[in-house]
Amino acid sequence: MSNEKTFKNKIMPRLRKIPKSYWFVKEAVALVGIPDIVGCIQGRFVTLELKRNIFETKKDTGRIVRQRREGHRIISAGGYFAIACPENFEEIYKDLLLIAKDTN
């Protein structure tokens, strides 16, 4: 099992290769609810909340509740939000590539 930092270090180089994108990592632990990775792909606001495994993505207690609430607010504003873990990252990455290809 990996931790979030290892997962983040693994995916950041891939995210940075997405065309027309910009990314940064939230380092301040005090910003509860704000996703771990914030980016922009072709003008669209994109955020990822990182979890160690698929089981953490499905929790309904603790800080994940606030993180989901913030995620819904991002989606409502037209942004993209996903809770990413090693088990679901490839699917999320495909979504991000589609955003990069969108020519609207």
Side-chain angles (χ1 to χ4, degrees):
M1 177 181 351
S2 71
N3 61 35
E4 285 180 28
K5 185 175 180 178
T6 302
F7 179 47
K8 175 192 70 178
N9 290 340
K10 181 179 178 182
I11 67 172
M12 283 307 295
R14 290 186 68 196
L15 293 174
R16 288 192 170 119
K17 288 182 182 177
I18 295 174
K20 302 176 186 174
S21 72
Y22 168 79
W23 301 95
F24 71 89
V25 176
K26 175 197 82 172
E27 297 293 340
V29 177
L31 298 173
V32 178
I34 304 302
D36 297 312
I37 297 176
V38 177
C40 183
I41 301 175
Q42 194 162 240
R44 185 165 179 198
F45 185 63
V46 177
T47 60
L48 300 175
E49 177 60 41
L50 304 183
K51 297 298 176 194
R52 290 182 296 175
N53 56 53
I54 198 75
F55 303 108
E56 284 191 356
T57 69
K58 296 178 181 185
K59 285 184 179 179
D60 284 327
T61 58
R63 69 176 13 161
I64 187 95
V65 173
R66 182 163 185 179
Q67 292 164 338
R68 274 199 196 95
R69 184 171 44 242
E70 292 301 317
H72 289 296
R73 293 172 75 189
I74 290 165
I75 292 167
S76 294
Y80 178 92
F81 168 80
I83 301 174
C85 65
E87 295 93 337
N88 72 1
F89 181 72
E90 291 306 318
E91 181 179 329
I92 291 167
Y93 189 71
K94 288 177 187 176
D95 288 345
L96 300 176
L97 291 175
L98 287 174
I99 293 169
K101 289 180 182 180
D102 187 11
T103 56
N104 290 336

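Any value given below was found using the heavy atoms of this structure, including those in side chains, with hydrogens, waters and symmetry copies removed. Positions are given from 1, in the same order as the sequence printed here.
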Closest non-hydrogen contact found for Pro19 with Ala100 is O-CB, 3.7 Å
Notebook entry, point to check: Considering only heavy atoms from C-beta outward, does the side chain of Ile18 approach that of Trp23 to under 4.5 Å?
Noted result: yes
All heavy atoms of Ile74 vs all of Pro35, minimum pair found to be CD1-CG, 3.9 Å
| task | Give the cluster check for Val25 versus Ile92: same hydrophobic cluster or not, with ILVMFWY residues linked at side-chain heavy-atom distances below 4.5 Å. | result | yes
Interatomic distance, CD1@Ile64 vs NZ@Lys58, rounded to 0.5 Å, equals 12.0 Å
**Asked** Should Phe45 and Ile34 be counted in the same cluster of Ile, Leu, Val, Met, Phe, Trp and Tyr side chains packed under 4.5 Å apart?
**Response** no
Common cluster, Leu96/Phe7, ILVMFWY with side-chain heavy-atom separation under 4.5 Å: yes
Practice problem: Compare all side-chain heavy atoms of Lys94 with those of Glu91 and state whether any distance is below 4.5 angstrom. | Solution: no
CG (Asn88) and NZ (Lys51) are apart, to the nearest 0.5 Å, by 12.0 Å
Original post:
Do Phe55 and Ile83 belong together in a cluster built from hydrophobic side chains that touch within less than 4.5 Å?
Top reply: no
Quiz item: Is there side-chain contact between Val46 and Tyr22, with heavy atoms separated by less than 4.5 Å?
Solution: no
Please say yes or no: joined through hydrophobic side-chain contacts below 4.5 Å, possibly via intermediate residues, are Leu97 and Phe89 part of one cluster? yes
Taken to the nearest 0.5 Å, the spacing of Leu50 CG from Lys10 NZ works out to 12.5 Å
Are Phe81 and Glu49 close enough that some pair of their side-chain heavy atoms sits under 4.5 Å apart? yes
Original post:
Taking C-beta and beyond as the side chain, do Arg68 and Asp60 meet within less than 4.5 Å on heavy atoms?
Top reply: yes
Rounding to 0.5 Å, atoms CD (Glu4) and CD (Glu56) come to a distance of 6.0 Å
Heavy-atom nearest pair, Ser21 first then Arg16, reads OG-O, 4.3 Å
One should read off an interatomic distance between Tyr80 OH and Asp95 CG, to the nearest 0.5 angstrom, of 4.0 Å
Worksheet item: Is the closest basic N to carboxylate O distance between Arg73 and Glu70 below 4.0 Å?
Response: yes
When rounded to the nearest 0.5 Å, the distance separating CD1 of Ile37 from CD1 of Ile11 is 4.0 Å
Tightest non-hydrogen contact, residues Arg52 and Asn3, listed as CG-CA, 3.7 Å
